[in-house]
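Quick caveat, the model's predicted, so the values are computed rather than measured. One is the number of the first residue; the rest follow in order along the sequence. Below, all heavy atoms of this structure are taken into account, side chains as well, without hydrogens, waters or symmetry copies.
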Amino acid sequence: MRAAERERAIVDEAIRFFAEHGFEGQTRELAKRMGITHSAIYRHFPSKEALIERVYQEVYLSRWSPDWAPLIRDRELPLEARLTRFYLDYVARVFEYNWVRIFVFSGMKSFGIAGRYLDLVRREIIEPATIELRHELGLANIQASQLTERETELFWGLHGRIFYLAIRKFIYATPVPADMNEIVRDAVLTFLDGARKRMPALVS
């Protein structure tokens, strides 16, 4: 096997391996599972941390769409349409066994994958969406009044509600609706109904 092919095979199997066993899984066991020597892994990745970083790139960043941030800021569309379109695409891209399980496992270890990913969500989705809701409601812009934790927590609540469906499916192995489209639309509509009433009181 050529070096590039071997590296690709190691990454693909590492994704499956860490999704099943978490990051406590040993690279020695990964090598055994692949039928290669332990040293073969370290010819391509100098450390376990380097392999995990590659998994982060493959599993998380490769699924992040560059269209999401511009969509959230696109004032040609109502915010309801933007949020619905974003979450439908988000569900289609990230509701996947390896993605969800690695995310949960990483949150229990110190490799920082979950924290880095959630920081990306905050910067590109949560805070811009909060600004857009202010705009839609005619509230103060962020130059006049900075975003507050209470405002952004409203949007984290929506994000968590939708992502919890993936937790139920891939962590708890319990049934979730087969058609997620209406579930996502219901979540967005319910969120906006409440947020439109509550937001004015949160903006000083």
| Pairs in or reaching into residues 63-73: which pass side-chain hydrogen bond (donor to acceptor under 3.5 Å, both in side chains), with residues at least two apart or in two chains? | W68-D89
| said: For M199 versus L154, what's the shortest heavy-atom pair and its separation? | reply: SD-CD1, 3.9 Å
| query | Looking only at heavy atoms, what is the nearest atom pair of V176 and L165, with distance? | reply | CG1-O, 3.4 Å
| Which ring-ring contact (aromatic ring centres under 6.0 Å, His included) pairs, counting each pair once, include a residue from residues 176-204, with sequence neighbours left out? | F155-F191
Give the table of side-chain donor-acceptor pairs shorter than 3.5 Å for residues 78-85, with sequence neighbours excluded, one pair per line with atom names and distance.
unit_1: R82; atom_1: NE; unit_2: D74; atom_2: O; d: 3.0
unit_1: R82; atom_1: NE; unit_2: L77; atom_2: O; d: 2.9
unit_1: R82; atom_1: NH1; unit_2: I72; atom_2: O; d: 2.7
unit_1: R82; atom_1: NH1; unit_2: E132; atom_2: OE1; d: 2.9
unit_1: R82; atom_1: NH2; unit_2: L77; atom_2: O; d: 3.1
unit_1: T84; atom_1: OG1; unit_2: E80; atom_2: O; d: 2.8

| said: Can you give me the closest heavy-atom contact between I167 and V100, atom names plus distance? | reply: CD1-CG1, 4.3 Å
| message | Show every ring-ring contact (aromatic ring centres under 6.0 Å, His included) that has at least one partner inside residues 31-57, sequence neighbours left out. | response | H38-Y42, Y56-Y60
| query | Below 6.0 angstrom between ring centroids: does that apply to Y90 and F95? | reply | no
| note | Residues passing the ring pair (Phe, Tyr, Trp, His ring centres under 6.0 Å) test with H135, sequence neighbours excluded, are none
| said: Given 3.5 Å as the limit, does a donor-acceptor pair link the side chain of E96 with the main chain of W99, or not? | reply: yes
| said: Can you list everything that forms a side-chain contact (heavy atoms from CB on, under 4.5 Å) with T190? Sequence neighbours excluded, please. | reply: R161
| Between H21 and F105, does the ring centroid distance fall short of 6.0 Å? | no
| request: Could you tell me whether F163 and W156 have their ring centroids closer than 6.0 angstrom? | output: no
| query | Do you see a donor-acceptor pair shorter than 3.5 Å between the side chains of R101 and Y97? | reply | yes
